[in-house]
There are 2 protein chains.
Amino acid sequence: MEKLNDTFLYTIDKCFRSYHQFAQKNVRKAGFKITIDQWLILKNVSENPDITQNDLSKLVFKDKASITRIIQLLINAGYLIRETHPGDKRRVNLTLTTSGEKITAEVEKIAFQNRAAALKGVNLELMAEMKIALQEIINNCS
Amino acid sequence: MEKLNDTFLYTIDKCFRSYHQFAQKNVRKAGFKITIDQWLILKNVSENPDITQNDLSKLVFKDKASITRIIQLLINAGYLIRETHPGDKRRVNLTLTTSGEKITAEVEKIAFQNRAAALKGVNLELMAEMKIALQEIINNCS
DNA sequence: AAATATTAGTTGATATATCAATATTATACC
DNA sequence: GGTATAATATTGATATATCAACTAATATTT
C-alpha cells in the first residue's frame with residue numbers, strides 16, 4: 001500500500017500549511033497583531049466594497065459562520081464597520097476604517113514579499129500549468 | 001495591483017480546502033463518525049508503530065498540541081491506546097485497538113476513492129513535476 | 001394578500017490550529 | 001553525582017472550521 005505522505009494531495013496539504021505558517025510568522029515578526037485570515041477578509045472587502053458575507057465566504061472558501069466570527073474580531077479591533085444594507089435589511093455593509101485601510105496596505109507589502117520568497121525558483125510556466133491543474137482538482141471536488 | 005484570488009498560493013489554499021471538504025463529506029456519507037484529521041493520525045500510527053507524538057506532528061505538519069488533542073479524542077472513541085514508553089518515560093506508546101484498525105482500513109478505501117476522484121483527468125507527469133515544485137515551496141518556507 | 005420558499009447572517013456545539021507556559025524525564029557537562 | 005540543558009508531552013488561551021439549527025427579511029407562488 002502506498003505510503004500516505006507520498007501522495008500528491010498530502011504534498012498540497014503540507015505546502016499550504018507550510019506557507020501559511022511562514023506567512024503568519026512574518027506578519028507577526030513585522031509587529032502586526034493580525035492573522036492572515038483576518039487580513040484576507042480585509043483585503044477582499046477592500047477589493048470588493050459591495051460584497052456580502054456570503055460571497056466573501058465563497059471567495060475565500062470558508063464557511064459563512066467563520067466569516068461572521070472573523071469579521072466580529074475585525075470590528076472589535078477597529079478595522080471594520082458593519083452596517084445593515086439600506087436596500088436589503090438581511091445584508092450587511094462592510095467598510096474599512098482608516099486604520100483598517102492602513103493595516104491592510106501595510107500587511108499587503110509583507111504578503112507580497114511572502115509570496116515572492118515562497119515561490120522563489122519555481123518556474124513560471126510550470127506555475128501556470130499547475131494553476132490549471134489545481135483548478136481541475138477543485139472542480140472535481142465540487 | 002494583482003487581485004488576490006489570481007495568485008498561485010491562493011489557488012493552493014482553495015484546492016486544499018476544497019479537497020478536504022470533499023473528502024470529509026464522503027467519509028461522513030459512508031457512515032463513519034471520524035474526521036479526516038483523526039483518520040490521518042490513525043493511519044500514520046499504523047504505518048509507523050513506534051512513532052512519537054513529536055514526530056507525528058512533523059509528519060502531518062500540525063502543532064504537537066493539536067496532536068495531543070486529536071489523540072485524546074481517538075482514545076475516547078476507543079480507537080487508540082496510549083501508554084508510557086517503557087524505555088523513556090517522557091514518550092508515549094501509541095497502539096491501535098482492533099476497532100481502530102478496522103476503521104482505519106475502512107476509511108482508507110474511501111480515502112483512496114477520494115484521491116482518485118479528485119485527481120481524475122490530471123496528467124501524471126505534470127503531477128510529478130508539481131510535487132517537486134510544491135516541495136520547493138515548502139523548502140522556501142522553512 | 002397570504003402562504004411558501006429562498007436568502008443573509010448569527011449562534012451553539014464540537015474539532016482543529018497555534019503560541020506560550022509548564023511538568024516530567026533524559027542527557028550532557030563539570 | 002549534581003547541575004544545566006534538552007526533549008516529550010500536556011494545558012490554557014485564543015482563533016478558525018464546520019455543521020446544524022435558527023431568526024429575520026425578501027422573493028415567489030397561488
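Just so you know, these numbers come straight off a predicted model, no measurement behind them. Convention: sequence-line order gives letters A, B, ...; per-chain numbering from 1.
R17(A) places a side-chain heavy atom less than 4.5 Å from the side chain of F16(B). Side-chain contact between F22(B) and N114(B) is present, with at least one heavy-atom pair separated by less than 4.5 Å. When side chains are defined from C-beta on, K62(A) counts as touching I70(A), because their heavy atoms get closer than 4.5 Å.
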What are the atom names and distances for every N/O pair under 3.5 Å that joins the protein to nucleotides 21-24 of chain C?
none

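Judged by distance alone, the side chains of N76(A) and Q72(A) do bring a donor and an acceptor atom under 3.5 Å apart.
Pairs engaging residues 81-95 of chain B under the salt bridge (charged side-chain N to carboxylate O under 4.0 Å, His left out) rule: D88(B)-R90(B) [sequence neighbours left out]. Here salt bridge (charged side-chain N to carboxylate O under 4.0 Å, His left out) pairs that include residues 95-105 of chain B, with residues two or more places apart or in two chains, are K102(B)-E106(B).
Contact annotation for Q21(B): backbone-only contact, meaning every heavy-atom pair under 4.0 Å involves sugar-phosphate atoms and none involves a base. Among the atoms of the strands shown, base atoms are found under 4.0 Å from some heavy atom of D63(A). Heavy atoms of R17(A) sit under 4.0 angstrom from primed sugar atoms or phosphate atoms, though from no base atom. Looking at heavy-atom distances under 4.0 Å, T52(A) makes contact with sugar-phosphate atoms alone, never a base. Among the heavy atoms of the strands, none lies under 4.0 Å from I67(A). Across all strands, S66(B) comes closer than 4.0 Å to base atoms (heavy-atom distances). As judged by a 4.0 angstrom heavy-atom cut-off over every strand, T68(A) is placed among the base-contacting residues.
Map R91(A) and A65(A) each onto its nearest nucleotide of DNA chain C; the residue landing nearer the 5' end is R91(A). Remark on DNA chain D: of its neighbouring residues R69(A) and D88(B), the 5'-side contact belongs to D88(B), judged by nearest-heavy-atom nucleotide. For the pair K62(A) and I51(B), both in contact range of DNA chain D, the more 5′-proximal nearest nucleotide belongs to I51(B).
For the side-chain contact (heavy atoms from CB on, under 4.5 Å) with L94(B), the qualifying choice from N44(B), I71(B), I75(B), L42(B) is I71(B), the only one to do so. For the side-chain contact (heavy atoms from CB on, under 4.5 Å) with N48(A), the lone residue among T52(A), I51(A), D50(A) that qualifies is I51(A).
Taken to the nearest 0.5 Å, the CD atom of Q24(A) stands 9.0 Å off from the CD1 atom of I34(A). Rounded to the nearest 0.5 angstrom, C15(A) SG and H20(A) NE2 are separated by 12.5 Å.
Between K29(A) atom NZ and dC19(C) atom P there is a gap of 12 Å when expressed in whole angstrom units.
On the nucleic acid side, DNA chain D contacts chain A at distances under 4.0 Å to non-hydrogen atoms, with the end points of that region at dA15(D) to dT26(D).
Of the residues in residues 72-85 of chain B, those placing a heavy atom less than 4.0 Å from an atom of DNA chain C are L73(B), in numerical order.
Under the rule for a salt bridge (Lys or Arg N to Asp or Glu O under 4.0 Å), K64(B) has no partner lying at least two apart in sequence or in another chain.
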